[in-house]
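Computed from heavy atoms alone, side chains included, the values below leave out hydrogens, waters and symmetry copies.
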Amino acid sequence: MYDPKAVEARMYRFWETAGAFRADAASSKPAFSIVMPPPNVTGSLHLGHAWNNTLQDIIIRHRRMAGYEALFLPGTDHAGIATQARVEKALREETGQTRYDLGRERFVERVWEWKHAYGNQITDQVRAIGSSCDWSRERFTMDEGLSRAVRKVFVDLYEKGLIYRGNRIINWCPRCATALSDIEVEHVEVPAQLYHVRYPFADGEGSLTVATTRPETMFADVAVAVHPDDPRYAPIVGKPVCLPLTDRTIPVIADAYVDREYGTGCVKITPAHDPNDFEVGLRHDLDMPQCIGPDGRLTELAGPYAGLSREEARARVVADLEAQGFLVGAEPLDHAVGHCSRCETVVEPLLSLQWFVRMQPLAQPALEALRRGELRFVPARFERIFSQWLENVRDWCISRQLWWGHRIPVWYCGQCGDATVSLDDPAACQHCGSTEIHQDEDVLDTWFSSGLWPFSTMGWPEATEDMAKFYPTDVLVTAYDILFFWVARMVFTGLEFTGRMPFREVVVHGLIRDGQGRKMSKSLGNGVDPLEVIERYGADALRFTLTTGTSPGNDQRFFWEKVEGSRNFINKLWNAARFVLMNLGSDAALPELQPGTWSLADRWIVTRLQDVVSTTTEQLNRYDFGEACRTLYDFAWDEFCDWYIEFSKLSLYGTDEDAKVQTRAVLVYVLDTLLRLLHPVIPFVTEEIWQALPHEGEALILAHWPEPRSDYRFESAVAEADTVMEVVRAVRNLRSEMNVAPSKPVRLDIHPRTDTAHTALAAGVAYLQRLCNAASIEFHREGDAPAQSVSAVFSGGELFVPLAGVVDVDAERDRLQREAGRLQSEVKRASAKLANESFVSRAPAAVVEAERAKLADYQQQLEAVTQRLAGLT
RNA sequence: GCGGCUGUAGCUCAGAGGGAGAGCACCACCUUGACACGGUGGGGGCCACAGGUUCGAUUCCUGUCAGCCGCACCA
């Protein structure tokens, strides 16, 4: 039994020390590069990473073998919010302190300590998967070089006017206490109430009714808006209304933003707490007071409600409105509410001073490049999703109120108030020369730095050798969930700063789910740890499982049974290799191939191997990983193990020494080629076996990728072997149906109908003898069935197994009648098709011809069965 | 609302314009000299539904239904 644990760690070390993962920028070979989507430094590997890494590693190993200077560049991401939250949690648990207790400097030091302590964990896990990354080029988003790139990009964008600071409504997570970008907000449909609230006119003449889902924001209301063309409200525009629960009055204004059909046609305007209201506020030059603070609690503006949470405030406000007669009613309403994608807290739209990237000028060139076909998505449908997003992007809020990350390179002057934006830390204000400057407290969105990953990792902005050789990269492999977060950002920063698409192709895969199709998550506790899978079944089994389960762009579910199946396949391969090795004897030398002397089986398997080489290569080239795996699985198991190894025993256990040598040579050749083809998917076992086989070269990982050989094609051998196998199956079937033990030798009479079949079976008679356990085989071109026998038809004739005393005539008749029935329906189907005038005239000639041949064959088989039935007594 | 994905054997899923496939599960048999994580044989499906294109559709097109996912949202 194959034991992955005994192999994998040792093998990885062997490759690494042999320098197999290192890419040489000075190489004359064509470059092929991939940058790894950087996992969170302090995170741990999940199955999604394992999947993502496996696919990339397959591509890289394939390309490396195919003669490219292959670079798989690894690294990690500082993951601002996530990492900071983890360290804060640890701090709280250990000492009960908050980050404010430590202060910024000591806290950041603490995070670095954490990073040093746990940062290797994830990269060790990447190694455990078997990823053949160039660790000498490992990068971290907060490395000095990469931080320099971040500053450079910030400063350049600022100078181009593409970064600005502004007071805008942003998404604020009260729990994380930071601003978020639009895509970090998840809209979740939740049941709510639409409250109708009466706002009395200040003059006491009646009231109007507004509809709102957020009554707790009313303390920041500055107006009530109606549609300018709404006849119902035309007379009241400009009139002041009283804001209930307060002593304030606010005006009624007219704005076309209001939908007359919705609710009452009156909207309360709260510019500091709603993006639409904010726009209205700007148009009407309204005040923008805030009644909810960054902590998610009501501010002093809310008077007696100050200090309450948003939820408490809502309940109290509604109760008080009702008690005081302002609540007209409430209707249930389902609407989408933004939640923090990290912590699921309800996001507060908050008016806040933040830094933004102006997206229009960056998205435009990206869209044009996409239209010019400079970036290909696999599968293609993701291109539309991608460009739709780019077409609709809004400005990107990049400042985060965190301490862990790239600090914004902007210094404000205490004297003149101006900002200095600088690549290097300035000593004084650029504008007035004052030294009384202090740096912006905020850090940049993590994606701002990962958006530079394909070139910042290669040394940009320096013109490095790596940039020259390996940039742009060739393929990016990613799950679809970070297309906007990450891929889009790399695309536009790449175009803006390097003038190139950072990659030619994006291979998109899906998400891994649990057995019920649910996303794996900590809260559900349904996650599967890839290390546990590796521990139990080995990294190869995990890789094989994930790869076979890959269908372009689609999700897959995880089942332990699948891993078990993969483990079984790997074990099968291992045992096949043991068989080959066992039969090589002491001969360590690689026997020379002499195709001229090959047996039928040799010629058959070698020809099939050529098919598999070209099919697999094509499938890998088009990133059809699941299909490539299936091609190899089927060939290895069904053809090589089940048939060829069985065929080979004839020669190996025979007396013809020359044939034996060639069979060994073919076994080694086929296995060697198969190992090469399988190596990208299951690198560990294949290398382990390859090292044991006679081989040239240092390691399989560095061996060359096979190419199909046209001089190794023997088409007639394939046809002949097919006939032999068909007869073997027919006899096995007879034995099984007739309950004749496989161990009991039988006599076999074969009545070939054609010369082709006769020749094939005569050539393969020794295989038939062995695989059918036939005591003797006779061929008869004509003549009657032997007495007391059971029969079967095959496409080239009829066969008989005399079973004196065993034949149950009734059972045999049943069996033959079932067979006749099957053949009749085939004949019916084929003749109906051929009777169709338009089929014969319009279908391709080859298709029609094939149909005719099939019909003839079935008719003959049917005739044979019918005769046989008639002869049964 | 706009866009997308999925619907095929009991389960998980491939597939492709010309006779329905795999793995697992199931049934029967087999300690055959690589492998019981194995071998041999077998059962099991109106390929969601309705139209259309085609000589021919499970495959392409259009709808319907069901499940899922993005994006955008009017309080």
Check your understanding: Which residue, A:S736 or A:E627, contacts RNA chain B at a nucleotide closer to its 5' end, judged by nearest heavy atom?
Key ->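 Its nearest nucleotide being more 5', the pick is A:E627.
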
Review point. For RNA chain B, whose closest nucleotide is more 5', that of A:S743 or that of A:N392?
Key: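 The answer here is A:S743.
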
For [N] and [X] - does any side-chain N or O of the residue sit under 4.0 Å from the phosphate oxygens OP1/OP2?
X: A:Y2; N: B:G38; result: no
X: A:R630; N: B:A14; result: no
X: A:R842; N: B:C55; result: yes
X: A:N733; N: B:G42; result: yes
X: A:K649; N: B:A34; result: yes
X: A:K854; N: B:G18; result: no
X: A:R384; N: B:G4; result: yes

Review point. Does a side-chain heavy-atom distance below 4.5 Å link A:L834 with A:V848?
Key: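 When only atoms from C-beta onward are counted, A:V848 and A:L834 do touch, with a gap below 4.5 Å.
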
So [X], base contact, sugar-phosphate only, or nothing? Heavy-atom distance under 4.0 Å.
X: A:Y633; answer: sugar-phosphate
X: A:W560; answer: nothing
X: A:N836; answer: sugar-phosphate
X: A:R578; answer: sugar-phosphate
X: A:Y858; answer: base
X: A:R394; answer: sugar-phosphate

Review point. Should A:R622 and A:E627 count as an ion pair when the cut-off is N to O under 4.0 Å?
Key: no

Check your understanding: Any idea which heavy atoms bring A:Q193 and A:A330 closest together, and the distance?
Key ->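 That closest heavy-atom pairing would be OE1-CB, 3.6 Å.
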
Exercise for review: Would you state whether a donor and an acceptor, one from the side chain of A:R829 and one from the base of B:G19, lie under 3.5 Å apart?
Suggested key: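 Checked by distance alone, the answer is yes.
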
Exercise for review: Record whether the side chain of A:Q388 comes under 3.5 Å of the base of B:G70 through a donor-acceptor pair of N or O atoms.
Suggested key: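 Between B:G70 and A:Q388, which were checked side chain against base, a qualifying N/O pair under 3.5 Å is absent.
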
Check your understanding: Expressed in whole Å, how much space separates the P atoms belonging to B:A20 and B:U31?
Key -> 37 Å

Review point. How far does the P atom of B:A57 sit from the matching atom of B:C49, given to the nearest Å?
Key: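 Nearest-Å result for B:A57 against B:C49 at atom P: 15 Å.
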
Review point. With a cut-off of 6.0 Å (strictly less than), are more than 12 heavy atoms of other residues, nucleotides or ligands near CD of A:E189?
Key: yes

Exercise for review: Taking the six-membered ring for Trp and the full ring for Phe, Tyr or His, determine whether the centres of A:W486 and A:F484 are under 6.0 Å apart.
Suggested key: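 No - the distance between ring centres of A:W486 and A:F484 does not fall below the 6.0 Å cut-off.
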
